[in-house]
Amino acid sequence: MRMFDRRTLLVGAAAVGAFATVRSAYVFAQAAAGPFKLDPLPYAADKNEPHIDKMTMEIHHGRHHAAYVNNLNAAAKDNALLGEKPLHELLANLNSVPDSIRTLVRNNGGGHANHTMFWQVMGGSGGEPTGAVADAIKTSFGDLAKLQDQFNAAGGRVFGSGWVFVTADKSGKLALVSKPNQDTPIMDGQMVLFGNDVWEHAYYLKYQNRRPDYLKAWWNVVNWNEVNKRLAAAKEGKLTI
Ligand code: MN
C-alpha cells in the first residue's frame, strides 16, 4: 500500500472515531434524566407507510418529540413543580405556572402532550370508524365524510404551525378545534379525542408544500380502536392526554 492511501485510510478512521464520540454524546444528551419520558412509538416506524413515510416518523418522534421532552426535563431541574403535577394539570392551569417557565411549559409541555396523543391514534388502517366513535361522529358531524371535510379545511387554514383536533366531552359530544403552535384544547379544560399535526415537520419530506394531500392521506392511518378507547375514557372524565 502506498503511503498516500494509508494516510487517507488513517484520517478516515480518525474521522469515523470522532463522529462516533460525538454521536454517543448526542445519544446521551437525548436520554437526559428527569420526570418526563419519551415512550417508544407503539408500532414500527414504517407502520404508516405509504401515507406517512418511515423517515418522517423517525425524525418526528426521535428528534422533534424528544426535544420537547428534553426541554421539559432540563427545566425540571430548577423547577420541582414540573415533576410534581401531572402534565395535563399543568397545561390546564398555565396561569399557575411561574412566569419564568410558563412559555416553556406551554410550548414543550403542549408539544409532549400533543405528540403522545398523536402516536396513539395512528398506526391503524383508517376506513370507517367503529363502535361508539361511529355513533358520536354521526351525532356531532352527520357522517365521517362531513367531519373529514371540516377537519381537513381547518387543518389547511392553520397559518404556519399548529394542530387540528376533535375534542370530546363527558356526554360523548365531539367538536372541531384548531390551535397554533403546540397549544392544545387541554389548555381550555377540554379533552382531546384525536388530532393531526400540521407542522411542516410532520409531512414535508413526502408532501413538501402539499399540506391538503397530507391531511387527506392521514385518515388512512387512523386507529379507530384506539380512538374508541379514548372516547370511553373521555366519557368517564378520565382522558388526560
Ligand atoms: Mn410534530
Side-chain angles (χ1 to χ4, degrees), residues 26 29-30 32 36-75 87-88 90-91 94 103-124 126 151-152 154-167 176-188 190-223 226-227 230 240-241:
Y26 172 76
Q30 287 290 299
F36 299 94
K37 194 166 151 271
L38 178 68
D39 288 329
L41 281 174
Y43 36 75
D46 63 0
K47 181 73 168 65
N48 297 312
E49 290 267 9
H51 309 289
I52 314 291
D53 61 287
K54 183 183 179 197
M55 185 182 280
T56 293
M57 289 296 296
E58 287 173 343
I59 294 172
H60 199 171
H61 174 266
R63 301 194 201 172
H64 291 277
H65 187 176
Y68 302 128
V69 173
N70 283 340
N71 291 340
L72 288 170
N73 282 333
L87 180 57
H88 68 280
L90 289 169
L91 296 174
L94 277 175
T103 300
L104 181 143
V105 171
R106 180 177 192 154
N107 291 339
N108 295 280
H112 185 26
N114 283 337
H115 289 86
T116 301
M117 170 281 296
F118 190 52
W119 313 132
Q120 279 180 24
V121 303
M122 292 163 68
F151 186 100
N152 295 353
R157 281 193 303 267
V158 172
F159 186 76
S161 299
W163 289 75
V164 55
F165 301 95
V166 169
T167 60
L176 198 63
V177 180
S178 58
K179 291 281 185 187
N181 305 315
Q182 292 297 352
D183 284 2
T184 154
I186 297 169
M187 294 168 184
D188 305 322
Q190 297 175 329
M191 292 181 283
V192 173
L193 183 60
F194 64 88
N196 192 1
D197 187 343
V198 298
W199 283 57
E200 283 185 344
H201 68 222
Y203 62 85
Y204 209 84
L205 290 181
K206 185 177 174 75
Y207 295 92
Q208 295 84 46
N209 62 325
R210 292 174 285 115
R211 189 194 285 180
D213 291 352
Y214 159 72
L215 278 157
K216 204 171 157 196
W218 180 79
W219 292 96
N220 291 308
V221 302
V222 171
N223 184 336
E226 284 302 316
V227 177
R230 294 177 64 83
T240 55
I241 280 176

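One-based numbering, in listed order, for ligands and for the atoms of each.
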Step by step, would you call F151 with W219 a ring-ring contact (aromatic ring centres under 6.0 Å, His included)? CA-CA 11 Å; F151 186 100; W219 292 96; 4.9 Å; yes
By side-chain contact (heavy atoms from CB on, under 4.5 Å), A45 pairs with (sequence neighbours left out) L41, K54, M57, E58
Report, as a single number, the protein N, O or S atoms less than 2.8 Å from the Mn ion (ligand 1). 4
Non-neighbouring partners of L205 that pass side-chain contact (heavy atoms from CB on, under 4.5 Å), sequence neighbours left out: D53, M55, T56, I59
Please list, chain by chain and in numerical order, all residues satisfying ring pair (Phe, Tyr, Trp, His ring centres under 6.0 Å) with H112, sequence neighbours excluded. H65
If you measure from the Lys or Arg side-chain nitrogens to the Asp or Glu carboxylate oxygens, is any gap between R211 and D213 under 4.0 Å? no
Ring centres under 6.0 angstrom apart (W119, H60): yes
